[in-house]
S.K.: 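My questions will all concern the structure given below.
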Protein chains: 2
Amino acid sequence: MSQHDIGIDLDTSLGYLLKEASSALRAAMEEVLRPLGMTVTHYSCLELLAQRPGMSNSELARGAFVTRQSMNVLLQTLERDGYVVRPEQAPVGKVLPTRLTPRGRRSLAKATIAVRSVEVRMLGGMTEAERSDAFRALRSMIQSLRDDG
Amino acid sequence: MSQHDIGIDLDTSLGYLLKEASSALRAAMEEVLRPLGMTVTHYSCLELLAQRPGMSNSELARGAFVTRQSMNVLLQTLERDGYVVRPEQAPVGKVLPTRLTPRGRRSLAKATIAVRSVEVRMLGGMTEAERSDAFRALRSMIQSLRDDG
DNA sequence: TGACTCATGTCAGTAGTCTGACATAGGGTG
DNA sequence: CACCCTATGTCAGACTACTGACATGAGTCA
């Protein structure tokens, strides 16, 4: 296959690099969360609930980038183990607002320390300007993929 | 939870944004590859083989960001269906060099067109300078996560 | 009011990926 | 040579997330 036939040159593709970075971040997070018996999705769910208490199953799913079916399975486990609570009946519609229990908050606190250290490490070699450049670039990519989809 | 207790502010976290961008890219790729009966890993494998013929199972796994066990399952399917070929016995050591068949190349050609359109769309609103800024930023993040890990 | 559309919660089945484990080949190094 | 360490290919089981499907509630509009 000659050079002009190559569709996506993986050495210079931003898409490939994006996946590589995301994969490295995920691996690093899994590494520090595993000793706490927590997966990335598990952690994401708790972190979302800490910042926006009362989020529904579907909202949590979108925030953690999984389907609402997957999040539902996770929430049932978290509820059974006492990390979150949901009302028996929906206050309005079918939406069940979810909240962290004290136990959930304690569990999250340890995980947050671990995950924060990973993010700090990832941004170690970058200046503030480079970080905001990266922020804008990622925002632009997301916007383009969503709008023109 | 008051402001200073928040470990990772998801609205400003580069890690979260990275995952969001990667998730949007993956979803867009799955959308265009599904009509071709191809998953992202499936496509990645063929694209890697087109650019570096003779890659082994383990090398392909690293390049597609999955375990060598997962790649092995995929390769067995691709081999059975005639998209790739591997020698019966390893020329040296246990490493089995894999190559695309003409059928594999034809299948890849269609997928490449689809995936290229996604990448073009993603980079639509960015200048050349912004793209190289993003490239450097992502490289830096990957480097930091790997080295200090 | 009734019909239509959309979002949500949930159950069931499927598919993709992972971890664990084993045997084997090659490169040092004593 | 013997030993150790690493990397590879592969099998098996478990887990996670996905697609498909259904019922329900809210909003819209004729």
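Lettering of chains follows the sequences in order, A, B, ..., and the numbering in each one begins at 1.
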S.K.: Between Ser13(A) and Glu119(B), does a side-chain hydrogen bond (donor to acceptor under 3.5 Å, both in side chains) hold up when you go through it step by step?
M.R.: CA-CA 8 Å; Ser13(A) 161; Glu119(B) 180 146 3; 3.0 Å; yes
S.K.: Answer yes or no: does a side-chain N or O of Thr41(A) lie under 4.0 Å from OP1 or OP2 of dA17(D)?
M.R.: yes
S.K.: Nearest to the Ser56(B) side chain among dT10(D), dT10(C), dG9(D), which nucleotide is it?
M.R.: dG9(D)
S.K.: Would you mind reading off the distance between Lys19(A) atom NZ and dT17(C) atom C1', rounded to a whole angstrom?
M.R.: 12 Å
S.K.: Is it true that Val40(B) and Met141(A) fall in one hydrophobic cluster, defined by side-chain heavy atoms closer than 4.5 Å?
M.R.: yes
S.K.: Ignoring backbone atoms, establish whether Thr67(A) has a side-chain N or O less than 4.0 Å from OP1 or OP2 of dC18(D).
M.R.: yes
S.K.: Could you report the tightest heavy-atom contact between Leu60(B) and Cys45(B), atom names first, then the distance?
M.R.: CD2-O, 4.0 Å
S.K.: Just call it for Ser58(A): base, sugar-phosphate, or nothing, with non-hydrogen atoms closer than 4.0 Å on any strand.
M.R.: sugar-phosphate
S.K.: Using a 4.5 Å cut-off on heavy atoms from C-beta on, say whether the side chain of Thr98(B) contacts that of Glu59(B).
M.R.: no
S.K.: Expressed in angstrom and rounded to an integer, what is the separation of Met71(A) atom CE from dG9(C) atom C1'?
M.R.: 14 Å
S.K.: In whole Å, what is the span from the CG atom of Leu75(A) to the P atom of dA17(D)?
M.R.: 12 Å
S.K.: Any salt bridge between Arg52(A) and Asp11(B), counting N to O under 4.0 Å?
M.R.: yes
S.K.: Figure out the NZ/P separation between Lys94(A) and dC6(C), and round it to whole Å.
M.R.: 17 Å
S.K.: Rounded to whole Å, how long is the line connecting atom CD of Glu88(A) with atom C1' of dG9(C)?
M.R.: 15 Å
S.K.: Ignoring hydrogens and angles, are the base of dG9(D) and the side chain of Gln69(B) linked by a donor-acceptor pair under 3.5 Å?
M.R.: no
S.K.: With a 4.0 Å limit, can you tell me whether Arg26(A) has a side-chain N or O closer than that to the phosphate oxygens OP1/OP2 of dT16(D)?
M.R.: no
S.K.: Give the nucleotide from the list dA23(D), dT8(D), dA17(D) with an atom nearest to the side chain of Ser70(A).
M.R.: dA17(D)
S.K.: Return the value, rounded to whole Å, for the distance between atom CZ of Arg34(A) and atom P of dG20(C).
M.R.: 7 Å
S.K.: Does OP1 or OP2 of dA21(C) have a side-chain N or O of Arg68(B) closer than 4.0 Å?
M.R.: no
S.K.: Between atom CG in Asn57(A) and atom P in dG25(D), what is the gap in whole Å?
M.R.: 17 Å
S.K.: What's the closest nucleotide to the Asn72(A) side chain, out of dT10(C), dT24(D), dC18(D)?
M.R.: dT10(C)
S.K.: Within the structure shown, what part of the strands sits under 4.0 Å from Leu96(A) by heavy-atom distance: base, sugar-phosphate, or nothing?
M.R.: sugar-phosphate
S.K.: In whole Å, I'd like the distance from the CD atom of Glu59(A) to the C1' atom of dT8(C).
M.R.: 10 Å
S.K.: Does Arg62(A) place a side-chain N or O at less than 4.0 Å from the phosphate oxygens OP1/OP2 of dT8(C)?
M.R.: yes
